[in-house]
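Everything on this sheet refers to the single structure shown next.
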Amino acid sequence: LIGDADDDSTRSNVEYDLDYHPFLIGGRFGYNLAGFMGGVDFSLSPNFTLKSTTKTVGTEVSTKYDYSASYLGLFAGYNFPAMFRVWLTYFLRAELEGEELPVVDDEFKGNGFGLGFGYTGLPIPLMSLNAEIRKPTFDESFDKSTGVTSVVDYSALEFFLSISAAFDL
């Protein structure tokens, strides 16, 4: 998966901008029967940038830190006979973990959902061109330096384009 995510939500006086560099890697393990499919979805982004801008009266301060992102969810969908497929994913866990000072091992945790659409009529067998939208919501923040866990209300809207290969056993 490759993509970009932007967030307009504001937590007190902080605004966030999210960016995946260079990609997100993922996979699904599941079962397909008579067109219906379901299973487990996971994805990782080893280099995810979180830029925060703090605004106060007359000033604006921006910081940029690298995080790793991981998602784990359950998906259900349908493979149409006419070379298309759709799926819905509920992410049981969405997590960002700090990768550089001063945010090493700091975490954001939450859940979310996704909706995907795939075109399976490519000239290469078992390949699919996909578009997906995700809406993770983070409700917990952990600051390792202070040991404090905070309740947050932070969500993002993410768009992805991907190419996938099916492996059937």
Side-chain angles (χ1 to χ4, degrees), residues 1-10 15-53 62-100 103 107-139 152-169:
L1 295 171
I2 59 175
D4 182 63
D6 294 308
D7 178 44
D8 297 323
S9 68
T10 301
E15 292 182 1
Y16 296 96
D17 181 42
L18 312 170
D19 202 10
Y20 292 99
H21 296 289
F23 55 85
L24 189 78
I25 300 169
R28 286 193 193 97
F29 295 105
Y31 191 73
N32 189 1
L33 179 64
F36 292 98
M37 60 181 171
V40 176
D41 181 308
F42 71 95
S43 57
L44 304 167
S45 177
N47 192 3
F48 175 86
T49 301
L50 174 63
K51 177 184 174 191
S52 63
T53 304
S62 292
T63 56
K64 199 174 189 180
Y65 299 112
D66 286 339
Y67 284 78
S68 60
S70 63
Y71 297 91
L72 177 65
L74 301 174
F75 76 93
Y78 187 75
N79 284 311
F80 292 96
M83 300 180 292
F84 294 102
R85 63 184 180 154
V86 296
W87 66 90
L88 180 65
T89 306
Y90 175 71
F91 293 102
L92 304 166
R93 186 195 69 175
E95 187 174 296
L96 304 178
E97 184 174 335
E99 296 292 326
E100 66 176 341
V103 296
E107 296 176 346
F108 287 97
K109 292 183 180 180
N111 54 32
F113 64 90
L115 177 64
F117 174 80
Y119 173 68
T120 57
L122 296 174
I124 303 169
L126 303 176
M127 297 295 285
S128 176
L129 180 62
N130 309 301
E132 186 173 0
I133 183 170
R134 291 183 179 180
K135 178 107 174 118
T137 302
F138 299 95
D139 54 11
V152 296
D153 184 17
Y154 164 70
S155 65
L157 187 59
E158 305 172 342
F159 300 93
F160 299 96
L161 294 176
S162 66
I163 297 176
S164 61
F167 298 101
D168 293 334
L169 300 176

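Applying the side-chain hydrogen bond (donor to acceptor under 3.5 Å, both in side chains) criterion to T137, with sequence neighbours excluded, gives no partner residue. Every side-chain contact (heavy atoms from CB on, under 4.5 Å) that L44 has, sequence neighbours left out, goes to S70. Partners of F29 by ring pair (Phe, Tyr, Trp, His ring centres under 6.0 Å), not counting sequence neighbours, listed by chain and number: F42.
Taking both residues in full, the closest heavy atoms of A69 and L96 are given as CB-CD2, 3.6 Å, listed atom of the first, atom of the second, then distance. Summarising the geometry of F160 relative to R134, their closest heavy-atom pair is CE1-CD, 3.6 Å, with the distance given to 0.1 Å.
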Would you list the atom pairs, donor with acceptor, under 3.5 Å between side chains in residues 31-39 and any protein atom, with sequence neighbours excluded?
none

For residues 109-119, tabulate all N or O donor-acceptor pairs below 3.5 Å that involve a side-chain atom, not counting sequence neighbours.
unit_1: K109; atom_1: NZ; unit_2: E107; atom_2: OE1; d: 3.4
unit_1: N111; atom_1: ND2; unit_2: Y90; atom_2: OH; d: 3.4
unit_1: Y119; atom_1: OH; unit_2: G121; atom_2: O; d: 3.3

Solution key, residues 76-88 side-chain donor-acceptor pairs under 3.5 Å, sequence neighbours excluded:
unit_1: R85; atom_1: NE; unit_2: S128; atom_2: OG; d: 3.4
unit_1: R85; atom_1: NH2; unit_2: S128; atom_2: OG; d: 3.3
unit_1: R85; atom_1: NH2; unit_2: N130; atom_2: OD1; d: 3.2
unit_1: R85; atom_1: NH2; unit_2: S164; atom_2: OG; d: 3.1

Is there a side-chain contact (heavy atoms from CB on, under 4.5 Å) between T89 and L74 once you walk through the steps?
CA-CA 6 Å; T89 306; L74 301 174; over 6 Å; no
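In this structure, the separation between CD on E158 and OG on S43 is 8.5 Å, given to the nearest 0.5 Å. Here OG of S45 is found 8.0 Å from OH of Y71. Values are rounded to the nearest 0.5 Å.
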